[in-house]
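All chains are named by letter (A, B, ...) in the order of the sequence lines, taking the proteins before the strands, and each is independently numbered beginning at 1.
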Amino acid sequence: MAKKILLKIDNVSYRYADAEKDDYVLKDISFDFECGKVYAIKGKSGSGKTTLLSLISGLEKDYEGSITFNGKELRKIDLDLYRSRDIGIVFQSYNLLPHMSAMENIILSMDISKVKVPDKKKRAIELMESVGLDETQKDRRVLKLSGGEQQRVAIARSLSYNPEMLLADEPTGNLDKETENEILKIFKDLAKKENKCVVIVTHSENVCKQADVIYELKKKKAK
Amino acid sequence: MYILKNALVSIWRNKGRNLLIGIIILVIACSSSVTLAINNSSNSLIESYKNKYEVLATLGVNRENMMGEFDPNNKDNSREDMMNKFSSASKISIEDIEKYADSKYVKSYYYTISTGVNAEDLEAASASSSSEGNDRGFPGGGRGGMGGGMNFTNATSGDFTIKGYSSIEAMNEFIDGRYKISSGEVSEDFDSMDCIINSELATLNEMSVGDTITIIDAEDDSKTYELTVTGIFEEANEDSNTMSMFSDSVNTIITNSNVLAKMMTANSDLVVSTSPTFVLTSDEVVDNFSSELTEKGLSENLMVETNLDQVEGATKTISNVKNFAVTFLVITLIIGTVVLLVINMINIRERKYEIGVLRTIGMKKMAVSMQFLSELIIVAFVFLLLGAGIGSIISVPVSNSLLENEITSSQEEMSNIQGNFGKGNMGERPDSGQENRGNKMPGNLDKFNGVTTVQVFDSINAVVDFKVLGELLALGMLITVISGISTMVSIQRFSPLTILKERS
């Protein structure tokens, strides 16, 4: 049975506002993303990987073509709501709030999404444990955590409102090999066990090897 | 709710930054509360000045009107005619005064009556330039430059001038310090046949307190009156006539109006000069009172004069302090707003990353703006309260030092007035002369001719009161919100993607 297409990118092109008329970063890109799979989008620097992730995450909307999430065109939906409920984003540089603890970062994300969770603290601890963090780290400021721990907190935060899709931009770029594998295992488990659609932008061959589907971006055209 | 919670967490975790903003707000709050307190104190002072200097109305000659009737080219209009005209204008009977005082615009009234008399066994100072007539011609005389009514010569001749006051309040010369008791005291019994005389006259006639004087009606030698000397007064040097070896008042016998009333009863032809003073209810009723007097038959050659210019003059300095305080407050608020605006702009630039993260995880622009504004308002509120507290401590000595001169001068003024009457403490004496003052005469002897004691100024208990606190919070919140608008505008303009790219 064919799985449901969660996100569909159809003939999408993008160029910066101040670029020349034909100077596209992305040109005629068409990808489909389904639940339960790990996708790797690879490409060289400047191939438009992060730009594509920005389009998918709704941070950039001046594109040509169509991007639909659950059949709805991104341009027509509330993108703040989309980012706070439907997708989770994990960045290479974690993008956690440094003045907050690990648990506060996770709970804030739940607050913003307005999901109904009976006990947010308990849920946050469960999420931290699910990504390999123990309870003793919940009250530590994120700046006092290691890179790997911060990335785990970022993943836990992105899962706090139980989104269908997880977008990760070079999530293991700042991590050592061992930690990278641990993080990738988390992603694979999310896809297989929780039927999440995981999209990882990377240029790491290791990541690509563990992905179910690999999309490669080349300058101005996808393969 | 999470916005507020997040704001509180952010404030606590970024204490240094918020302390800097707080210190600026604290400085603004302190200076604002001091200036607001000064402003309020100034308003209180101005108000109390208005109470202190009650609105006094006297009747003066309408010279313009009178001169209009006088044709200098007409040989029949002699100088004597004009003087007679002036003189007749001064003839206001006590009945007229009582009629005029019977008004809803009048709180109280008093008057002075004077005429010329002779005296048995009393030698008048005889220097030709001595101004016995002078003094006779200037009865009353308002306090501190108040015109005090009509200034023209009494037609009755005599070696001496006898001047009768209706009450303590009418004794302007003693209140303003022109006369001062050197021996004995001013009698408070306004039914008595007591008098006080000039020290020079006393020396000339070797008289002292307790002696008696027999005065003779200048128009009718058969009518005599015996007065007991209860006090001897001196006249201040600055008012003395330099051409004379005697002071202006040397031949003036001061007594109460009842003595004059007895003389007038005994001799209906006695020509007297009267000078009434009416204490009005407020400065707004002057025109109404003037119209009422016209309706009651006041001569068109007379007009109502007031001490309003004097009152305004007295409050001018305080008004300047008040204006300075207001200007200082405005400048403080403008500078404070600009400084807060700049700090907020810097603050926002420092927190761009945080804004980017919050926007990326789906927090709406307005929610981010509200969180940042909430942080600013909470910090501002706390430090405004702290500033108001410190300001209230500072503003008391500042305001009191501003008031100190006023308090001291007013208390000295009261002390001097009491001394001028030959009293240690006027407030403690029996209030015996009130029956002569008419129904509306003030019964409070702490009040002289519209001058009230200044006990109310002895201390300022709460300069920063709830009104000041309310004004301070309102102004503080206003500049906080104005400076916070920059935060909101910046947040609206930031693109999370751009911020995060810059960060990367």
Heavy-atom side-chain proximity of B/Leu358 to A/Leu97 below 4.5 angstrom: yes
Side chain to side chain, B/Thr360 and A/Asn95, heavy atoms closer than 4.5 Å: no
A/Asp80: which of B/Met366, B/Met363, B/Lys364, B/Lys365 passes side-chain contact (heavy atoms from CB on, under 4.5 Å): B/Lys364
So what's closer than 4.5 Å to chain B heavy atoms on [X]: side chain, backbone, both or neither?
X: A/Ser101; result: backbone
X: A/Gln92; result: neither
X: A/Tyr161; result: neither
X: A/Arg85; result: neither

Verify the neighbour count for atom [atom1] of [X]: are there more than 12 heavy atoms of other residues, nucleotides or ligands below 6.0 Å?
X: B/Phe328; atom1: CZ; result: no
X: B/Lys15; atom1: NZ; result: yes
X: B/Met477; atom1: CE; result: yes

Part of B/Ser10 lying under 4.5 Å from any heavy atom of chain A: both
Drop me the distance from [X]'s [atom1] to [Y]'s [atom2], to the nearest 0.5 angstrom.
X: B/Arg359; Y: A/Leu59; atom1: CZ; atom2: CG; result: 8.5 Å
X: A/Ile107; Y: B/Asn6; atom1: CD1; atom2: CG; result: 11.0 Å
X: B/Tyr2; Y: A/Ile112; atom1: OH; atom2: CD1; result: 5.0 Å
X: B/Ile11; Y: A/His99; atom1: CD1; atom2: NE2; result: 10.5 Å

Closest non-hydrogen atom pair, B/Tyr353 against A/Leu96: OH-O, 3.0 Å
Contact summary for B/Gly362 and A/Ser84, nearest pair of heavy atoms: CA-CB, 3.8 Å
Exam field: side chain B/Arg13 to backbone A/Pro98, donor-acceptor pair closer than 3.5 Å: no
